[in-house]
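Here is how names work: the chains are called A, B, and so on, in the same order as the sequence lines, proteins then strands, and each is numbered from 1.
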Amino acid sequence: MPELPDVEVFKRYVNSTSLHQKIESVEVRNTKILGGVSAGKLQSTLKGRMFESTRRYGKNLFVELDDGGWLLMHFGMTGRLKYFKDMDQDPPHDRFLISFENQYHLAFDCQRMLGKVDLIEDLEKFIGEKKLGPDLLELDSVSFRERFGGRKGAVKSALMNQQVVAGVGNIYSDEILFQARVHPGTEVGRLDDAALEKLFRETRRVLKAAIERGADPQKLPNSFLLSHRREGEKCPRGNGEIRKIKAAGRTAYYCPACQPKANC
DNA sequence: AGTACCACCTGACGGC
DNA sequence: TGCCGTCAGGTGGTAC
């Protein structure tokens, strides 16, 4: 689940629940979700501190501590956050639990444990080391075209490559390509400036619409592919039947009628 | 530079 | 009911 829109929603969730309160305790329930930091270091660093602000870059969420430094959260495939008071509300796959002085808790729930929690000193350094491309909501259309220009390979692969542009994964790449009427296997080099411009606009429109609706698939417009990700399902534009293929190593859903393979 | 494949994990689902 | 293979929206490594 957690692509750019989801992580942006998590960021706003942290902003509205967890800032400016003293952290009373920290519990690491499964060390597999830790990045480079040890459980002890994480506990000693967070205890007694407060969260001051948040930042998102691609699919990464950073939470700033009141004495500098950042808590990094990456949600993998199944990560999410939950803020609650009574421990009977503790989510089922709570791997990392922060307890505040106000008796509320923030849980990092991560069923498949592919998410990561870590401590970061320098955001720019982190982004540089990961070689992340620009965040998809931060770059303009010129930079977008530059990032794609001269690349080889399939457009879906490029959209999902965090080193090209950061934030989009399998689900939203399908959505963007559907909205832009581009077949997922289209070679990037076959897209002219107009097509890249269209792709850029649809990327922004899709991501922003998803964020506005809390990244909840149920709340997205019916014109979106997202809730029709089943083979044989009718295309939301009424043009064809949704098909499932392997593209860029992932399962891609698309509408052959809206997204013809003609110019791949 | 790109791609294909595997690994990391748990859990849900369909077939038998 | 139970067992087994397959698959799932992410990332990173390796080999080609």
Side-chain angles (χ1 to χ4, degrees), chain A residues 1-10 28-36 56-61 72-81 91-96 108-118 120 126-133 135-136 146-178 184-191 203 206-207 210-211 213-220 224-233 242 244-254 264:
Chain A
M1 184 218 291
E3 301 181 36
L4 188 152
D6 312 273
V7 179
E8 180 64 26
V9 169
F10 293 155
V28 176
R29 298 189 163 179
N30 195 313
T31 54
K32 288 201 172 70
I33 56 104
L34 294 180
R56 182 193 57 71
Y57 193 101
K59 303 175 188 172
N60 298 283
L61 177 61
L72 160 68
M73 289 188 274
H74 189 286
F75 298 92
M77 280 171 68
T78 54
R80 60 201 183 101
L81 294 174
H93 315 287
D94 177 3
R95 312 299 187 195
F96 172 61
F108 180 84
D109 185 81
C110 190
Q111 181 197 110
R112 289 175 64 190
M113 299 198 289
L114 299 173
K116 280 283 173 283
V117 169
D118 209 343
I120 300 292
F126 172 82
I127 292 162
E129 282 172 357
K130 295 273 181 188
K131 301 187 172 68
L132 295 176
D135 182 272
L136 270 169
E146 276 171 9
R147 299 300 295 176
F148 281 75
R151 287 191 62 83
K152 297 194 70 177
V155 63
K156 180 175 169 71
S157 173
L159 261 181
M160 287 198 302
N161 185 337
Q162 303 302 295
Q163 302 192 346
V164 177
V165 283
V168 160
N170 197 32
I171 292 284
Y172 282 100
S173 63
D174 280 356
E175 187 65 57
I176 290 161
L177 293 169
F178 174 73
T186 307
E187 291 282 326
V188 174
R190 316 274 315 216
L191 298 172
T203 298
V206 165
L207 296 178
I211 291 167
R213 291 163 174 79
D216 180 352
Q218 310 274 312
K219 294 186 180 143
L220 289 171
F224 273 42
L225 176 67
L226 217 132
S227 49
H228 306 274
R229 293 174 65 80
R230 278 178 301 277
E231 191 147 43
E233 183 104 350
I242 301 304
K244 177 170 118 168
I245 56 168
K246 280 282 176 197
R250 315 301 300 271
T251 306
Y253 291 89
Y254 76 108
C264 289

Distance test, side-chain N/O of S157(A) to OP1/OP2 of dT3(B), below 4.0 Å: yes

Given dT11(C), is OP1 or OP2 found less than 4.0 Å from the side-chain N or O atoms of H74(A)? yes

Enter the distance from I120(A):CD1 to E129(A):CD here, rounded to the nearest 0.5 Å. 8.0 Å

Report yes if some heavy atom in the side chain of N170(A) is under 4.5 Å from a heavy atom in the side chain of K156(A); otherwise report no. yes

Hey, does K244(A) reach any base, or is it just sugar-phosphate, or nothing, if we go heavy atoms under 4.0 Å? nothing

Using whole Å, report how far CG of L72(A) lies from C1' of dT11(C). 13 Å

Using the P atom on both, measure dC5(B) against dC7(C) and round to a whole Å. 13 Å

Length of the line joining D174(A):CG and dA8(C):P, which is rounded to integer Å: 11 Å

Closest to the Q162(A) side chain, choosing from dG2(B), dG12(C), dT11(C): dT11(C)

Need to verify one output field. Residue with the more 5' nearest nucleotide on DNA chain C, R112(A) or K59(A)? R112(A)

Tell me the interatomic distance from Q111(A), atom CD, to dC7(C), atom P, rounded to whole angstroms. 18 Å

Do R190(A) and V155(A) have side chains that approach each other closer than 4.5 Å (heavy atoms only, starting at C-beta)? no

So if I take every side-chain heavy atom of K152(A) and compare against dT11(C), dA8(C), dG2(B), which nucleotide ends up nearest? dG2(B)

Please classify the nucleic acid contact of A154(A) as base, sugar-phosphate, or nothing, using heavy-atom distances under 4.0 Å. sugar-phosphate

Any non-hydrogen side-chain atom of T251(A) less than 4.5 Å from a side-chain atom of K244(A)? yes

Taking only the side-chain nitrogens and oxygens of R250(A), find out if one of them lies under 4.0 Å from OP1 or OP2 of dG10(C). yes

Taking OP1 and OP2 of dG10(C), is either one under 4.0 Å from a side-chain nitrogen or oxygen of T78(A)? no

Please list every stem that involves DNA chain C, where a stem is a run of 3 or more consecutive Watson-Crick or G-U wobble pairs with both pairing distances under 3.5 Å. B:2-8 with C:10-16, B:10-16 with C:2-8

Between dC3(C) and dC9(B), how far is it from one P atom to the other, in whole Å? 24 Å

Over how many whole Å does the gap from I245(A) atom CD1 to dC7(C) atom P extend? 16 Å

Whole-Å distance between dA7(B) P and K32(A) NZ? 17 Å

dG10(C) phosphate, OP1 or OP2, under 4.0 Å from K116(A) side-chain N/O: no

Starting at atom CG of D118(A), determine the distance to atom C1' of dT11(C), rounded to an integer number of angstrom. 14 Å

R250(A) bridged to D174(A) by N-O distance under 4.0 Å: no

What is the separation between atom CD on Q163(A) and atom P on dG10(C), rounded to the nearest whole Å? 15 Å

Can you find a pair of side-chain heavy atoms, one from L191(A) and one from F148(A), that are under 4.5 Å apart? no

Rounded to the nearest angstrom, tell me the gap between atom NZ in K246(A) and atom P in dC6(B). 12 Å

What is the nucleic acid contact for M113(A), judged by heavy atoms within less than 4.0 Å: base, sugar-phosphate only, or nothing? sugar-phosphate

Measuring only the C1' atom in each nucleotide, how far is dG2(B) from dG9(C)? A whole number of Å is fine. 23 Å

Would you indicate which nucleotide in dA8(C), dG12(C), dC8(B) comes nearest to any side-chain atom of L114(A)? dC8(B)

State whether R80(A) and D6(A) are salt-bridged, where the test is any N-O pair (Lys NZ or Arg NE/NH1/NH2 against Asp/Glu carboxylate O) under 4.0 Å. no

Quick check for you: to the nearest 0.5 Å, what is the distance between R213(A) atom CZ and F224(A) atom CZ? 6.5 Å

Among the nucleotides dC9(B), dG11(B), dG9(C), which one has an atom lying closest to any side-chain atom of H93(A)? dG11(B)

Kindly assign one of parallel, tilted or perpendicular to the pair F96(A) and F108(A), based on the angle between their ring planes and the thresholds 30° and 60°. perpendicular

